[in-house]
Amino acid sequence: MKVAIIGLGFVGLSLAAYLGSKKIKVTGIDLDNEKLQSIKKGIPPFYENKLKSYLKKAIDFGTTFESEITKKTIENDLIFVTVGTPIDKNNKINLKFIKSVANSLENNMHDTKHKPTIIIKSTVVPGTTIHTVKPILERNSLKESVNFNLLTNPEFLKEGTAMEDTINPHAIIIGGTNYTSINKLLKFYQKIYSKKNQIIKTNNSTAEMIKYANNSFLATKISFINSLAIICQKIEGVNVDEVARVMGLDPRISKQFLKAGPGYGGSCFPKDLQALISFSNSVGYKPELLTAVHNTNNNQIKIIMDLITKNISILKNAKIGILGLAFKENTDDIRESVSVNLIKLLLKKKCKIIAHDPMAIENTSQIFKNKITFVTKPELVCTDTDCIILLTPWKEYQLIKEKNFLKMKKPLIIDTRRILKIKNKKIKYIGLGMGKE
Ligand code: UDX
């Protein structure tokens, strides 16, 4: 079985590295030459736990990387499409990368006896595979089932655990209409995964919808607990974490994705929620609940700003320490990071920012250049600061000794993830979602 993977982001590169490590013949394709050069040397262009070692195994086995789709690409049995699906300025899904890949595949698919199975793994709104990709592939006399097969196979991996999730997915969804090709992909997956991994067969559009259902439900859980956190904060002695812990004991609810915080960020939830809302509107249903989830999330930054302004009377020239820049722990990704958006707001108010993150400084410095100060040790954000805001729950922040916080001008900490344990009464500690003691 020969496999091509088009688009080497978190999804595509993790898959290429895993399949290559399993001794499957893989060709990874990405237009970005700079990225490709780094990958070819075995260096992932972003941080992801364990990815480097899997990539090395894959390269040692013979995984190759190319910068364009050619006739050779069509010779692969399986062609996974894992390109990005951003949203445009109207918050609608932007399918330009998917369309461009479909165009290139179609251009190269004529005059060949190969009949590849093309698998859309990118997150796309329901109907995209059938109503957008298929017509492009068929526009010049090619036909599904005759010249190619077309499946939808969404991916559920999380950043930070992308390799684990690729190796052990909670479910594998294969959407399509041609049973021969569905079974071909099913057999492929049965070979690389254990029997424990559930494989579900469905049609293309249901497969596409399942992915949005998962992401929007998880986002709903987060906005739900963030709303409760705001209420908890107003009630003496109530802690949202205890409420969430006991809620999670109910097996109908489960404890996952009930950690209150500054709001969800990253490359998926914010854009997928908006894409689903726009899609829903376009098919004639105004999705009030999803809109509330999205608005609740956007409002979190205002809740944090209110806490800051309530506790610091003059923001101009106030020195604010930021703990955590990545949108979550164990990644260097700052896309849609609340931390970055908060820094932008604080800079507008003329605050001075001193920030730490174990992995995301390089990415963040490309945005702010020398407008903010970065430090390589978390303790260093303390000296002479007026307020520290913890936004990313990196474990190492729990190791900061209290004496460091006493070096602040007037110790004040806003902990949006409630991971610090502060005992010293000289330090004013505000945990988001923790009612006053
Ligand atoms: C998400 C989905 O989990 C994954 O299935 C999908 O394929 C891509 O989108 P990812 O964005 O990598 O993955 O991270 P995730 O762990 O889901 O976190 C998203 C955001 O929600 C982060 O900002 C995180 O801090 C926040 N979050 C998560 C919370 O605030 N509370 C929680 O309980 C869980």
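Since this is a predicted model, take the numbers as computed values, not measurements. Counting convention: from 1, in listed order, for ligands and their atoms alike.
- Sorted by first and then second residue, the pairs that involve residues 42-59 and meet salt bridge (Lys or Arg N to Asp or Glu O under 4.0 Å), not counting sequence neighbours, are Lys50-Glu164, Lys56-Asp60.
- Under 4.0 Å is where a charged nitrogen must lie from a carboxylate oxygen, and between Arg418 and Asp241 at least one such pair does.
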Give every pair made of an N or O atom of ligand 1 and a protein N or O atom lying under 3.5 Å apart, one pair per line with both atom names and the distance to 0.1 Å, or write 'none'.
residue, atom, partner, partner atom, Å
ligand 1, 5 (O), Phe156, O, 2.7
ligand 1, 7 (O), Leu157, O, 2.8
ligand 1, 7 (O), Lys211, NZ, 2.9
ligand 1, 12 (O), Glu159, N, 2.7
ligand 1, 14 (O), Lys328, NZ, 3.0
ligand 1, 16 (O), Lys328, NZ, 2.9
ligand 1, 23 (O), Gly265, N, 2.9
ligand 1, 23 (O), Phe327, O, 3.0
ligand 1, 25 (O), Arg417, NH1, 3.0
ligand 1, 25 (O), Arg417, NH2, 3.2
ligand 1, 31 (N), Lys259, O, 2.8
ligand 1, 33 (O), Leu258, N, 3.2
ligand 1, 33 (O), Lys259, N, 2.8

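- The pair Lys319-Asp386 does not meet the salt-bridge criterion, since no charged nitrogen lies less than 4.0 angstrom from a carboxylate oxygen.
- The closest donor-acceptor contact from the side chain of Ser280 to the backbone of Leu276 lies at 3.5 Å or more, if one exists at all.
- Of the options Leu390, Thr392, Leu391, a side chain to side chain contact (heavy atoms under 4.5 Å, CB included) to Leu323 is made by Leu390 and by none of the others.
- Not less than 6.0 angstrom separates the ring centroid of Phe374 from the ring centroid of His356.
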